[in-house]
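Notes follow once the structure below has been shown.
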Amino acid sequence: MRVRFAPSPTGFLHIGGVRTALFNWLFARHYGGQFLLRIEDTDEKRFVPGAADDMMASLRWVGIDWDEGPDIGGPHAPYVQSERKDLGIYQRYADELVANGHAYTCFVTPEQEEHMRAEWAARGERPERFRFRGPEREWSAEQVAEAKAQGLPFTIRLKVPLTGTTSFTDLIRGGERISVNNADLYDLVLLKTTKMPTYHLAHLVDDHLMGITHVIRGEEWVPSAPYHVMLYQAFGWNMPTFAHVPNILRQDGRGKLSKRKDDVSTNRFWERGYLPEAMFNYLALQGWSYDDHTEIMSRAEIVERFSIERVQASPARWNPDKLKDMNGIYIRKLSTSDLAARLLPFLSNAGLIANPPTDGECTYAEQLVPLIHERLEELGEASELLEFFFKDIAAPEPNLLVQKKMDAAGTLAALEAADAELRKLDGWNEGQLEAALRALAETLGLKVGQLFGTLRVAVTGRTVAPPLFATLVALGHERSLARIATAQAVLR
RNA sequence: GCCCCCAUCGUCUAGCGGCCCAGGACAACACCCUUUCAAGGUGUAGAUCGCGGGUUCGAAUCCCGCUGGGGGUACCA
């Protein structure tokens with residue numbers, strides 16, 4: 001079994017594209033087949049330099065690799081359509097279709113086609129129902145030769161039958177036959193005036209030449225599938241099996257995800273600190289499921305369990321909350337050292353540590369990781385949570401220092417007592433700190449929440465922070481006492 | 001407009017004729033744990049299975065219609 005993902009390099013790869021690639025990849029890996037990558041750059045106008053490399057980086061990031069592709073080659077190279085066009089591949093097959101009567105040379109320009117549409121409307125026909133059929137369908141070889149001799153620009157169009165129906169089956173729709181009336185179709189362009197093939201011709205010729213057995217692609221291709229069926233028949237080639245995967249809809253359900261309107265560039269998720277394994281798991285579940293309760297699965301488990309028949313026919317909706325939750329689950333599964341290593345780039349970017357980090361910073365980061373490990377849902381949140389360990393804090397607001405049912409004087413007294421108590425300690429570990437401060441709360445007649453709350457604000461500058469004793473230890477004796485002194489000054 | 005596809009809690013989904021007055025997860029809420037926040041635990045709420053007809057002893061599951069949503073309607077992919 002051989003499948004492929006064939007993106008058009010017109011910009012970054014969004015998660016919907018990654019999901020389609022993923023289903024192809026899972027299918028290939030599950031059955032031990034091959035997965036290939038092909039670049040479909042037949043749209044010269046929308047071509048974006050560098051987009052193909054960017055897309056490949058996105059795929060690699062989530063863990064999708066390919067057996068044949070533009071960068072690694074393969075038995076059917078090249079894997080870039082513009083390069084294949086230069087080899088004359090598409091021209092050859094377009095000519096074959098003209099020769100066997102399934103396609104024809106058309107000299108109608110876009111302007112003329114517009115005119116034909118207007119005439120159609122003038123005859124009282126519904127303009128929306130206009131289906132282009134070129135007058136050259138009935139031309140003789142001589143007429144065509146004459147027009148060519150005049151140097152008129154031309155396209156090659158598929159000669160779609162005027163009557164009858166065309167149908168095909170789709171794996172995802174339970175093998176249901178999807179069928180359309182040929183009268184609702186039109187003579188689509190196979191080879192543009194520029195000699196560049198359209199997607200319809202190019203992808204089909206390449207799929208055939210590359211031995212693709214299953215075409216797994218987005219459902220936006222369902223309407224054009226009948227043309228592809230006709231093309232396979234016209235060439236006399238074996239038809240691949242079709243599987244049109246549902247689109248991922250926008251969060252509000254209004255339309256499918258779009259690059260322009262939605263923040264769904266795959267790169268953005270990498271930048272915000274999503275783990276590729278979490279993204280992989282989440283995306284696999286957009287349209288596919290294993291059973292009624294299993295969600296967290298390793299790559300290997302998903303590969304083993306995946307089946308295209310269990311892919312839903314109805315569209316899924318983009319749910320960033322669920323992705324975020326899943327990312328948190330995956331972060332919690334990481335070891336301390338693994339998470340520390342993944343966090344370093346984020347801390348560097350935030351300017352909290354050097355780039356590259358020093359050995360001391362790496363060690364310190366690893367010491368801090370346990371304090372925020374289970375509080376993280378995106379790696380990017382770490383810099384905010386850890387900032388006060390790396391930078392000096394501003395003197396805390398008095399109203400934050402004063403806890404519930406306390407006043408400024410009582411808070412100051414508590415701080416002074418804590419200060420004295422902490423200076424008496426001959427060590428600085430969590431056990432000692434906790435024992436000393438709990439005892440102090442008791443003698444002061446305070447609830448531990450009151451005392452600890454005040455100290456938390458004094459030492460971190462915020463009301464929400466990692467556990468107090470671990471924080472004091474990580475901060476160190478010196479800095480802790482200095483910050484407590486500053487807090488006292490604020491209240492005096 | 002026309003053509004095609006789809007339709008279970010707000011969202012992702014399980015369900016493929018009786019096990020379902022519908023199960024799991026996210027989000028929400030409550031409680032427990034607890035030095036804050038998380039994490040974890042327990043629980044609550046949330047779907048007359050879009051609506052209407054059939055078929056059947058029996059339908060979320062099969063069929064038809066309607067409605068709704070999505071996609072397509074390019075010398076873009």
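- Comparing C5(B), A77(B), U35(B) against the side chain of E219(A) picks out C5(B) as the nearest.
- Across the protein-nucleic acid pair, R173(A) atom CZ and G71(B) atom P stand 14 Å apart, rounded to whole Å.
- Distance noted for atom C1' between A30(B) and C66(B): 42 Å (whole Å).
- For R177(A) and D170(A), the salt-bridge test fails: no basic side-chain N is under 4.0 Å from an acidic carboxylate O.
- Residue D325(A) is classed as a sugar-phosphate contact, given heavy-atom separations below 4.0 Å to backbone atoms only.
- Among the nucleotides C12(B), G24(B), C76(B), the one closest to any side-chain atom of R46(A) is C76(B).
- Summarising the base pairing, C49(B) is matched to no nucleotide, lacking a Watson-Crick or G-U wobble pair whose two defining distances lie under 3.5 Å.
- The residues E295(A) and K322(A) are annotated as salt-bridged, a charged nitrogen and a carboxylate oxygen being separated by less than 4.0 angstrom.
- Note: CZ (R375(A)) to C1' (G40(B)) measures 12 Å, nearest angstrom.
- Pairing of U11(B), defined by two Watson-Crick or G-U wobble distances under 3.5 Å, is identified with A25(B).
- Comparing atom distances between the E220(A) side chain and each of A77(B), C3(B), C12(B) picks out A77(B) as nearest.
- Side-chain N/O atoms of K322(A) and base N/O atoms of A25(B) include a donor-acceptor pair closer than 3.5 Å.
- Of the two residues near RNA chain B, A316(A) and L188(A), the one whose nearest nucleotide lies more 5' is A316(A).
- In this structure, G218(A) reaches neither bases nor backbone, as no heavy-atom distance under 4.0 Å exists between it and the strands shown.
- With U73(B), U36(B), C75(B) as the choices, the nucleotide that has an atom nearest any side-chain atom of R131(A) turns out to be U73(B).
- The residue A465(A) sits close to a base: some heavy atom pair falls under 4.0 Å.
- Note: W428(A) and F469(A) fail the aromatic proximity criterion, with ring centroids not under 6.0 Å apart.
- Of the C1' atoms belonging to U61(B) and U56(B), the separation is 13 Å, rounded to the nearest Å.
- One interatomic measurement links the two molecules: CG of L13(A) to P of A77(B), which rounds to 18 Å at whole-angstrom precision.
- Heavy atoms of T42(A) sit under 4.0 angstrom from primed sugar atoms or phosphate atoms, though from no base atom.
- Residues Y79(A) and W66(A) place their aromatic rings such that the two centres sit no closer than 6.0 Å.
- Across C4(B), C76(B), A27(B), the shortest atom-to-atom separation from the side chain of D321(A) is found for A27(B).
- Using a 4.0 Å heavy-atom cutoff across all strands shown, P466(A) reaches at least one base atom of the nucleic acid.
- Base engagement by F469(A) is indicated by at least one non-hydrogen atom pair under 4.0 Å involving a base atom.
- G40(B) sits 24 Å from G46(B) when the C1' atoms are compared, rounded to a whole Å.
- Summarising the base pairing, U42(B) is matched to A30(B) through a Watson-Crick or G-U wobble pair whose two defining distances lie under 3.5 Å.
- One finds no salt bridge joining R92(A) and D95(A) here, because no Lys/Arg side-chain nitrogen approaches an Asp/Glu carboxylate oxygen to under 4.0 Å.
- At the heavy-atom level, K256(A) lies under 4.0 Å from the strands shown only through sugar-phosphate atoms.
- Classification of R84(A) and D206(A) as a salt-bridged pair holds, one side-chain N sitting under 4.0 Å from a carboxylate O.
- Residue G328(A) is classed as having no contact, given no heavy-atom separation below 4.0 Å to the nucleic acid.
- Between the C1' atoms of A7(B) and G52(B), the separation comes to 15 Å (whole Å).
- Geometrically, R19(A) engages F23(A) in a cation-pi contact defined by less than 6.0 Å to the ring centre and at most 45° from the axis.
- The L249(A) side chain lies nearest to G70(B) when the options are U35(B), G70(B), A77(B).
- In this structure, W288(A) atom CH2 and A14(B) atom P are separated by 11 Å, rounded to whole Å.
- Spacing between atom CG of L371(A) and atom C1' of A39(B) amounts to 14 Å, rounded to whole angstrom units.
- L285(A) comes within contact range of the sugar-phosphate backbone alone, with a heavy-atom separation under 4.0 Å but no base atom that close.
- Two rings, from Y227(A) and Y186(A), have their centers less than 6.0 Å apart.
- In terms of phosphate contacts, Q312(A) brings a side-chain nitrogen or oxygen within less than 4.0 Å of OP1 or OP2 of A14(B).
- In this structure, W221(A) reaches the bases: a heavy-atom distance under 4.0 Å links it to at least one base atom across the strands shown.
- Spacing between atom CG of D252(A) and atom C1' of U11(B) amounts to 12 Å, rounded to whole angstrom units.
- Rounding to whole angstrom units, CD of residue Q286(A) and C1' of A25(B) are separated by 13 Å.
- Listed nucleotides: C2(B), A14(B), C26(B). Nearest to the side chain of S289(A): A14(B).
- In this structure, Y290(A) atom OH and G15(B) atom P are separated by 12 Å, rounded to whole Å.
- A salt bridge between K159(A) and D187(A) is absent, with no side-chain N of the basic residue lying under 4.0 Å from a carboxylate O of the acidic one.
- Distance noted for atom P between G18(B) and C62(B): 12 Å (whole Å).
- Of the charged side-chain nitrogens involved, at least one lies within less than 4.0 Å of a carboxylate oxygen, so that E113(A) and R157(A) count as a salt-bridged pair.
- Nucleotide U73(B): paired with G1(B) (Watson-Crick or G-U wobble, both distances less than 3.5 Å).
- Candidate nucleotides A14(B), C75(B), A39(B) were compared by shortest atom distance to the side chain of R332(A), and A39(B) ranks first.
- Using Watson-Crick or G-U wobble geometry with both donor-acceptor distances under 3.5 Å, G68(B) finds its partner in C6(B).
- For E295(A), taking side-chain heavy atoms from C-beta onward, the closest of the listed nucleotides C12(B), C75(B), C3(B) is C12(B).
- Nucleotide U55(B) forms no Watson-Crick or G-U wobble pair with any nucleotide shown, as no partner meets the under 3.5 Å limit on both distances.
- As judged by a 4.0 angstrom heavy-atom cut-off over every strand, R254(A) is placed among residues touching the sugar-phosphate backbone only.
- Annotation: C64(B) and C5(B) have their P atoms spaced 12 Å apart (nearest Å).
- Across all strands, V245(A) comes closer than 4.0 Å to no nucleic acid atom at all (heavy-atom distances).
- You'll find a donor-acceptor pair under 3.5 Å spanning the side chain of T193(A) and the base of C75(B), going by distance alone.
- Closest to the side chain of P315(A), from the set C3(B), A77(B), C6(B), is C6(B).
- A gap of 16 Å separates the P atoms of G15(B) and G50(B), to the nearest Å.
- Taking atom P in both A39(B) and A25(B), the straight-line distance is 15 Å, to the nearest Å.
- Checking Y282(A) against K45(A), the closest nucleotide of RNA chain B that is more toward the 5' end is the one next to Y282(A).
- Note on T463(A): a base of the nucleic acid sits closer than 4.0 angstrom, heavy atoms only.
- Note on R310(A): only backbone sugar-phosphate atoms sit closer than 4.0 angstrom, heavy atoms only; bases stay farther off.
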